[in-house]
Amino acid sequence: MIRKLLIANRGEIARRVIRTCREVGVSPVAVFSDPDEHAPHVREADAAVRLPGDAPSGTYLRGDALVAAALAAGADAVHPGYGFLSENASFARAVQAAGLTWVGPDPEVIDAMGSKVAAKKRMAAAGVPVLPEFDPESAREFPLLVKASAGGGGRGMRVVRSAAELAGQVAAARREAESAFGDGTVFCEPLLEHARHVEVQVLADAHGTVWALGERECSIQRRHQKIIEETPSPAVTPQARARLFDAATKAAEAIGYVGAGTVEFLFTDDGSFHFLEVNTRLQVEHPVTEEVFGVDLVAWQLAIAEGARLHGEPPTPNGHAIEARLYAEDPAHDWRPASGTVHRFAVPDGVRVDSGVEDGTEVGVHYDPMLAKVIAWAPTRHAAIRKLAAALERTELHGLVTNRDLLVRTLRHPEFGAGNTHTGFLDEHALTTPPDADVRPAALAAALALAERRRGSLPLASLPLGWRNLPSQPQKTVFEHGGDTVEVDYRHTRAGVETSLDLTVVAASPTEVTVERGGVRTTFPVAVYGDRVEVGAVSLKLRPRFPEPAAKVAEGATVAPMPGTVVRVAVEPGQRVEPRAELFVLEAMKMEHRVPSAAGGTVVEVLVQAGQQVDAGDVLAVVAEDPLAGSSEGAAV
Amino acid sequence: MTILRTVVDGRSPEYAGNREALLARLAELDAEQAKALAGGGAKYAERHHKRGKLLVRERIELLVDQDSPFLELSPLAAWGTDYPVGASVVTGIGVVEGVECVIVANDPTVRGGASNPWTLRKTFRANDIALQNRLPLIGLVESGGADLPSQSEIFIPGGRAFRDLTRLSAAGVPTISTVFGNATAGGAYVPGMSDYVVMIEERSKVFLGGPPLVKMATGEESDDESLGGARMHGTTSGLADFVAEDEVDAIRLTRRVVARLNRRKLGPAPKPVEPPLYDEDGLLGLVPTDLRVPFDPREVIARIVDGSRFDEFKPDYGTSLVTGWADLHGYPIGVLANARGVLFSAEAQKATQFIQLANASDTPLLFLQNTTGYMVGAQYEQGGIIKHGAMMINAVANSRVPHLTVVMGASYGAGNYGMCGRAYDPRFLFTWPNAKSAVMGPKQLAGVLSIVARQAAAAKGQDYDEEHDAAMRQMVEGQIEQQSLAAFLSGRLYDDGVIDPRDTRTVLGLCLSAIHSGPIKGAEGYGVFRM
C-alpha cells in the first residue's frame, strides 16, 4: 500500500498527480527548485522538499537528491510524472534500491525502450512495423529527420532537406540532446511529411493483462511538439484500429510492460503505420483517454504499482475528447518562448483544465513553457472541437504571449474540422502567422479604459476627461500588438467619445468598454497590468508617451529577443556580416535560438560572451551599417 | 427646499428661440476661437513641423497629463485690435504630474512668437493667476523677442515679466522655463529668472546679444552656439539645469521637474461629488435673447451645483438678488445671483451680510451677474441707495475668500462693481457669449447724451437739430453696443475667456480646484460700513 507519494516533478503534472492522491487518500509530497518555491504544486502538497538551484540539471534531474527527498519526507513511493527523469532507468533503479515503490514500468523495460535505436530493433523482431534507419554521417535520402535516441518532446530533433545541412543539423541535434538528456546519440529516419501521429494508450498489470485504451491522434505539432490531441482519431477506421491495438498490445507484451504506457506510430491515411517509440510513462495528453474511457490513469498507475489486477474487459469508449496545450510562446516569432507573470488565468466552466499556473504565477526561463491543458468532451468530434475552441477563446490569460490564438485558429480551420490533420498541418495552412485582424477597436477600448483609470490620479476626478474649451487635437494612445504599432485617437466631448475609427462608443469604464459598429454592440473586457493591456483575447503593450532616452537602442544594435544563455558567439569585432547573418545562438527553455544581425556591415562591438545569461532587450552586439547599404556614416554605438 | 426644482418648459417656443439664438452666438465664438487655434496659419505651421518642431498646442498637449482637462485662458486676447487673435501666446491651467500649473507658451508661428502689447497683458494675467492661486508657472519659451514697431508700448511695462517671475519664486511658487528656440536679449531673462531651466540640444539659443550685436559692441567674432547654445549653458554657464535631446525629451524633463516639486494643496479637499439633477443643455434655453427680460438664476444654479442642492439665504428679503450655499464639484461655495437686474437697498444689504458670512466660514463666493445696476430715482436716493450700494462694494472689495464671477447677461453700471467685476479682482471671471457690459445700456447712453445736448441747446436758445440727434443716437448706440460685446471685452482681457454656458460647471470646478492649491481664508476686517 502506498501511503505517501513523492512526486518527482513540477507544474501541471505534479498538480495532476496530487489530485488523484486526494481522490485515493495518498499523501502527496512535492519537490521544488528555487524558482518554484511559490508554485501551486508546492502549496497543494502535504509536504515539500527543496531542491536547491534553478536549472533542471541541478534540481529535477538530480536522481540522488530526489531519492533523498523521498526518504527525508517519509514517502514510500515515487511518481516521476512525465519529462525529467520519468524515463530514466537508473533513477528508477535508485528509487527501488532505496526501498521505495517506483510508479512505472520495470527499469529494464525503460532501458530497453530508452534507446530508440534498440527499441526499433526489438519491435521489428516482435512483428511491429518500423521505419528504415540511416546513418547520421552518410545519409543520402532527403528529407529526413534527425532524432535523439534518448529523446522526446521534440528536443534534439531536426529536419534535414539536403546533404549540405546534414552535418550542421546533426551537430545541433547532438548538442540539444546532450543538454536535455545527457546523451548525445542521434539517428536518422525518412521524414514522412504528411503522416499522422497516432498513439495507443496501454495499461498493463504485473499479471500479464494488457488493455489497449483507444488511440490518440496527436498530429497537430509545432517543432515536433504536440499541441492538440484527441481521441478517437478521425483517420482511424475500425479495421485499422483493431490492427493498431493488436500492434500496441504485441509491443507491450514483447517487452513485459507494466503500468501505463504509450505506443506511438506514424500513421498514413491508407491505414498503414510504423512504430515510432514506446513512452514508458504517463503522456501529457492522457486526459483525453480518461475523458472518453471514464478512467483515472494515475489512479491505475498507483494501483498497478501496488500489484492490482486489470479485471475483465477494458472499459468502453464514449464520445470524443480533445485537448489543447497552452504554451507561453509566440507562434508568429519562431515560437519564441515568453516569460513573465501570469496575471490572470481563468478558463470558462464546462471543460477540464489541467494547469500548472494560476493568477500570479511567474513563468521563468528554466522549464518547459507549457502553462496548462484544456480538455473538452462531447458526444461527437464536431461538438468537442466547437466547445474547446469557444472555451479557449473566452479564456482570460493575461500577462504573457501565448499560443492561444493559434490553437483557436487551428481548431476552427475547416480542414481540421474535416479531420485532415497531419504533422505539417500548421505550416501547410500557414497558421502560425496571425490573420490580419483589425485590432483597432480593441485598442480604442484599451485606450478608453486607461483614460478612465487615470481619473484617480487627476486633482479633481469628477471633471470631464480630457476636457478642452478650445480643442485642437485628439488624445492619442499608441500600443504594440505582435510586432506592429497600433495608434488610436479619441476625444471626450459633450456628445460622447469622438474617434476617427468607424464606430460609436456606447459606454466606457476602467474594466469594460462597449462600442457599436453597424448597429451591433460589442463589449470589450479590459484588464491592465503595468504596461500590458489585455482586451479580451487581444494582448497589447502600451507604448510610453515619453521614451526614456537611455532606452533608445543604437542603430545597428542587435538585442536579445528573449532571456536565455548565450551558447555560441559567431562573430568578432571587425568582422563583416550580411544582414540577418547569424551572430549568436541563445539557449532558452532548452531550445536553441539563432540571433541574426539587425543590419549588414562591420561588427563594431560584441558585448557578451558564451555562457553569459542575458535578458530580453539586452544589446548583444553593434554593427556599423555598410555605407553601400544606404546610410552614409557608421551607426552610433 | 434644498433641492431646486425646474419650471422651465423645454418645449416652449421661447425656449427654442433662446436656444437657437445662443447657439448662433456660440457658432460666432467658435469662429473667433478658430483664429486663435490657427496661430500663424497653415503655411507657418507646416514650416514649423518641417523643422522637426511641435506646434504650441502640441507641446501643451504633451506636457499635460493624458486625459486631464485643460482650461485655456484669454483665447480671444487682442480681438478687435491690430494684432492677431490670441496675441501669439497660449496660456492656461493644466495638470502636470498631478499638479495644476499655469502654462504660458509662445506661439512661434505667429510673427515668430514676438511679444506685442496684448501678449504682455495676457502673460501678466497668467502670472497673476499663478501667484494668487499658488500654481507653479511653466513657460514654454520660443519668442523672437519684442515686436519692435510697438516697442514703446512694450519696453517699459515689459519689465514686469521678469519681476513677476522672481516674485513668484519669492512667494514659494516654482517657475520653470523650457526653451524650445530663441530666448534672446530681454527674452534671455525669462530662463534667467526661473527656478528651473530646461534647454534642448541644438535648438535653444539664450543670449543677451547675438553675433551681430557682439560684433558691433566689442568687435568679437562669435557664433550662436558659443554665445547661447544649450550645450554651452548645460556645461559652461550653468544656466541650463537640464539639456534635452529633443522637444519631446524636453517636455519629459519638464514633467520630471514638476513631479519633484513636492507640491501639495493648501486648501481643503473636495467632498464627494454628485452631478446636478438637470442637464447642462438646458442652460441654452434659459437666457432670453432680450437682455431686458430677466430670468430666474435658480434655473442656472440648479444646472451647475452638486445634486442641484441650494440652501437659499434670506429667500424672501431683497428678492432681486438670490443668495445661498451650495457645493460645486465638491467644493462649498456661496452664490450671489441677480434675479431681476436691478439692485435695491435691501439687495445691497443682503449681499453685504452674505459676503461677511462667507468670509466668516472661509467659503469661496460665486457671483452670477445679470444686472443693470443700482436703482435710481428720488425715492431710492432718499432711501440711501448710495450708502447701501457702498456697503456692498466695501464687502466685495475687502472680502478675502476667493471670488469667481460669471457674466450671464447684463453687466451695467455700478452693478458690475458690486457683483465683483474685473476691477474687484475675482480669481477668475468668465463671460457667456450673449453677455454685455458697459457703464449703461447703449439706448440709455445715447438717450442721456441726447437729453444733455438738447438742454445745452435750449440754454443757448438754439434750435435743436432733430435729424442730427437721430444720427448721433444711432452712431453712439452702435458704438456702445459694439464695445459691450463679450468678444470685445474678452479681447481687452476684461475677462479670462468667453465660455459655452454648458461648460460653466466644468470651468468653475476646474477653477475651484486650482484655487484650492492655495489657502482659503476669510477677511479679518472691512472698510467702515456707512450705516
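Predicted model only: the values in this text are computed from it and were never measured. In what follows, chains are A, B, ... by sequence order, proteins preceding strands, each numbered from 1.
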Can you tell which part of [X] gets under 4.5 Å to a heavy atom of chain A, answering side chain, backbone, both or neither?
{"X": "B:L71", "answer": "both"}
{"X": "B:V273", "answer": "side chain"}
{"X": "B:D30", "answer": "neither"}
{"X": "B:E58", "answer": "both"}
{"X": "B:L62", "answer": "both"}

Discussion item. Could you go through A:F546 and B:V248, starting from their C-alpha distance and side-chain angles, then the distance that decides it, and tell me whether this counts as side-chain contact (heavy atoms from CB on, under 4.5 Å)?
Written reply: CA-CA 7 Å; A:F546 299 96; B:V248 173; 3.8 Å; yes

Fill in: Selection residues 526-540 of chain A - residue pairs positive for salt bridge (charged side-chain N to carboxylate O under 4.0 Å, His left out), sequence neighbours left out
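As it turns out, the salt bridge (charged side-chain N to carboxylate O under 4.0 Å, His left out) pairs with a partner in residues 526-540 of chain A, which skip direct neighbours, are A:R532-A:E534.
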
Worksheet item: When heavy-atom pairs shorter than 4.5 Å are enumerated against chain B, which of A:L460, A:L470, A:T477 gives the highest number?
Response: A:L470

Worksheet entry | Top contributor to chain B contacts, counting heavy-atom pairs under 4.5 Å, from A:A451, A:P471, A:A461, A:P459 |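 Maximum pair count with chain B is reached by A:P459.
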
Response to the item:
Most heavy-atom pairs under 4.5 Å with chain A, out of B:Q66, B:Q33, B:E97, belong to B:Q66

Worksheet entry | Nearest atoms (heavy-atom pairs only) where B:E280 meets A:R494 | OE2-CG, 3.1 Å

Discussion item. Give me the atom names and distance for the closest heavy-atom approach of A:R468 to B:S68.
Written reply: NH1-O, 2.8 Å

Worksheet item: Which residues in residues 502-518 of chain B have a heavy atom less than 4.5 Å from any heavy atom of chain A?
Response: B:R502, B:D503, B:T506, B:V507, B:G509, B:L510, B:S513

Discussion item. Can you list the residues of residues 251-269 of chain B that sit under 4.5 Å from chain A, counting heavy atoms only?
Written reply: B:I251, B:R252, B:R255, B:K265

Fill in: Segment of A:S457 engaging chain B (4.5 angstrom heavy-atom cut-off)
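Interface part for A:S457: backbone (N, CA, C, O).
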
Worksheet item: Under a 4.5 Å heavy-atom cut-off, does chain B meet the side chain of A:R454, its backbone, both or neither?
Response: side chain

Item to complete: Give, for atom OG of A:S462 and atom CG of B:D306, the distance between the pair rounded to the nearest 0.5 Å.
Response: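 Going from OG on A:S462 over to CG on B:D306, the span is 7.5 Å.
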
Fill in: Gap between atom CD of A:Q473 and atom CG of B:L37 - 0.5 Å precision
10.0 Å

Any chance [atom1] of [X] has more than 12 other-residue heavy atoms, nucleotides or ligands included, within less than 6.0 Å?
{"X": "B:Y278", "atom1": "OH", "answer": "yes"}
{"X": "B:E202", "atom1": "CD", "answer": "no"}
{"X": "A:D436", "atom1": "CG", "answer": "no"}
{"X": "B:R303", "atom1": "CZ", "answer": "yes"}

Discussion item. So A:K476 and B:E61, do their side chains get closer than 4.5 Å, heavy atoms only?
Written reply: no

Worksheet item: Okay, side chain of A:N469, backbone of B:E72: is any donor-acceptor separation there less than 3.5 Å?
Response: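 Pair found, side chain donor or acceptor close to backbone of B:E72.
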
Worksheet, complete the sentence: Contact list (residues 512-520 of chain A to chain B, heavy-atom gap under 4.5 Å, by number) returns none

